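The structure presented is a predicted model; accordingly, all values stated were derived computationally and were not measured. Whatever order the structure lists them in is the order used to number ligands and atoms, beginning at 1.
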Amino acid sequence: MENYEVMKQILDEIKANDKIIISRHFRPDGDAIGSTKGLQRILKLTFPQKDIRLINEDYSDYLAFLGGEDAQQDDEFYKDALVIMIDTGTIDRSSNKKVELAKKIIKIDHHIDDKPYGDISWVEELRSSACEMIAHFYLTFKDELKIDSEAANYIYLGMVTDSGRFKYRDTSAETLRNAAAMLDFGFDTESMYAHLDLEDIKNLRYKSFVLSNIKLTENGVAYIYITKRIQKKFGITTEQASNAVSYLQSIKGSLLWLAFIDGPDGKIRVRLRSRFVTVQELATNYRGGGHACASGATLLKKSEIKLLLKDADARIKDYKDNNEGWI
Ligand code: AMP
């Protein structure tokens, strides 16, 4: 099996350490939270004598229904700890700024491996989610590891969200087999989807605003810029405002769509999504990165919006001129 050796090394490290700290990327999504909470639960069930903590410094309101995490500790606490970073492409994207103080770091991730880190690194860029990797890890060593419906639910949730409800291209037959294996442990998917999909009326009014204000470049790049003023007008958080990107996804002929969101730090967050074409390279040109069809970037000033749009439009023109079969 292709990655068996590295997974075995990870299991051996887990067995050899009594203090394990699990962390993820900042601005967490369902996959970041599901994979870390899922692994923490599996390890706690399997090794009740070990100290296994999930420590981060920022959280998601939208996913608060999944429950809390552990408190940050002083620097000393890290010195004899093993850190497992999940779903975090580069170490500077860690939500926990103390992870580099640890004795050893293990990286488990499915982002494009631009800046490798960690003493042990298990990266599979074609996996639909980090949660899928945790499901695969569990299933590979299921004779030695324990799981329950709570852990399986965390993992399943991240698989569902990061694969766009199993719709994105990297959803493989194995993804579905791994998901099915999690479902075998039994949990309430109706309640899970209700938590994920229902929105309050304030958000729906905001969605209606976004849909009415979508802009298109000459070659079909859809975009919207959500200023601080708009966020204030709708009484929504920056996290809620950032959902704008998902409202732009179903326009025919628009292969790439972008949401620009004013952040509290004065910078502009860019969320980039695409079908058929790749956005990762574009994101990398603007202090970002991520996956082929879902990336993020950061702009330092408003004038960069124009530059990025020009760049995106040229790429789409080139793609459309040279390819067939896109919609
Ligand atoms: P987002 O639009 O922030 O949800 O990001 C989409 C994907 O790209 C997620 O998997 C992020 O972890 C990743 N990503 C976002 N911003 C960056 C960045 N600046 N550098 C590398 N990866 C990023």
Side-chain angles (χ1 to χ4, degrees), residues 23-36 56-63 85-96 107-118 123-134 157-165 167-171 196 210 221-226 237-249 256-265 267-275 277-300 304-305 308 312:
S23 295
R24 48 150 171 88
H25 65 77
F26 65 85
R27 271 197 219 124
D29 52 15
D31 192 27
I33 295 183
S35 58
T36 48
N56 291 290
E57 291 164 4
D58 76 330
Y59 312 97
S60 159
D61 293 340
Y62 158 66
L63 294 160
M85 288 299 309
I86 313 181
D87 198 32
T88 308
T90 53
I91 197 73
D92 56 317
R93 291 184 50 75
S94 172
S95 169
N96 181 349
K107 174 183 186 182
I108 300 178
D109 188 37
H110 71 132
H111 290 89
I112 292 165
D113 204 10
D114 270 346
K115 287 192 220 155
Y117 67 87
V123 176
E124 290 197 42
E125 294 174 4
L126 296 179
R127 288 274 182 193
S128 65
S129 61
C131 276
E132 186 186 332
M133 297 174 73
I134 300 301
L157 179 140
M159 295 184 74
V160 161
T161 53
D162 240 39
S163 65
R165 314 293 193 258
K167 280 197 297 193
Y168 300 154
R169 185 171 291 186
D170 50 15
T171 302
L196 290 176
V210 171
V221 175
Y223 67 97
I224 188 146
Y225 175 29
I226 307 298
T237 62
T238 308
E239 185 189 351
Q240 289 164 332
S242 302
N243 286 335
V245 76
S246 62
Y247 308 149
L248 309 179
Q249 69 185 354
L256 198 160
W257 54 102
L258 307 162
F260 300 94
I261 304 112
D262 274 346
D265 54 2
K267 296 177 187 165
I268 302 171
R269 176 184 181 192
V270 194
R271 304 190 78 193
L272 306 93
R273 300 289 186 271
S274 61
R275 57 177 172 270
V277 290
T278 298
V279 279
Q280 198 259 349
E281 201 184 285
L282 181 62
T284 309
N285 290 343
Y286 296 86
R287 304 165 205 91
H291 305 287
C293 294
S295 289
T298 306
L299 304 184
L300 303 180
E304 286 187 318
I305 293 181
L308 198 159

Go through ligand 1 atom by atom and flag the ones less than 4.0 Å from a non-hydrogen atom of His291.
-> 10 (O)
Nearest option to atom 16 (N) of ligand 1, as decided by whichever heavy atom of Ser129, Gly288, Gly296 sits closest | Gly296
Within the structure, does Gly289 bring an N/O atom to less than 3.5 angstrom of an N/O atom in ligand 1?
-> yes
Any idea which of Arg273, Arg93, Arg271 brings a heavy atom closest to atom 15 (C) of ligand 1?
-> Arg93
Run down the list Pro28, Cys293, Ala294 and name the one with the heavy atom closest to atom 7 (C) of ligand 1.
-> Ala294
Ranking Ser242, Ala283, Gly290, Ser246 by closest non-hydrogen atom to atom 8 (O) of ligand 1, top hit is Gly290
The option among Arg27, Gln280, Arg269 carrying the non-hydrogen atom nearest to atom 3 (O) of ligand 1 is Arg269
Quick one: which of Arg287, Arg24, His111 has a heavy atom closest to atom 9 (C) of ligand 1?
-> His111
Please determine which of Lys107, His110, Arg24, Arg93 meets the side-chain hydrogen bond (donor to acceptor under 3.5 Å, both in side chains) test together with Asp87.
-> His110
Does a side-chain heavy-atom distance below 4.5 Å link Ile86 with Asp109?
-> no
Please tell me if the side chains of Arg275 and Cys293 come closer than 4.5 Å, counting only heavy atoms from C-beta onward.
-> no
Do the side chains of Ser23 and Thr36 get nearer than 4.5 Å, heavy atoms only?
-> no
What closest approach, in Å, do Leu63 and Gly30 show between heavy atoms, and which atom pair accounts for it?
-> CD1-N, 3.5 Å
Look at the side chain of Asp31 and the backbone N and O of Cys131, then say whether any donor-acceptor pair between them is shorter than 3.5 Å.
-> yes
State plainly whether the residues Glu304 and Lys267 are in salt-bridge range, i.e. N to O under 4.0 Å.
-> no
Non-hydrogen atom of Gly89 closer than 4.0 Å to ligand 1 | no
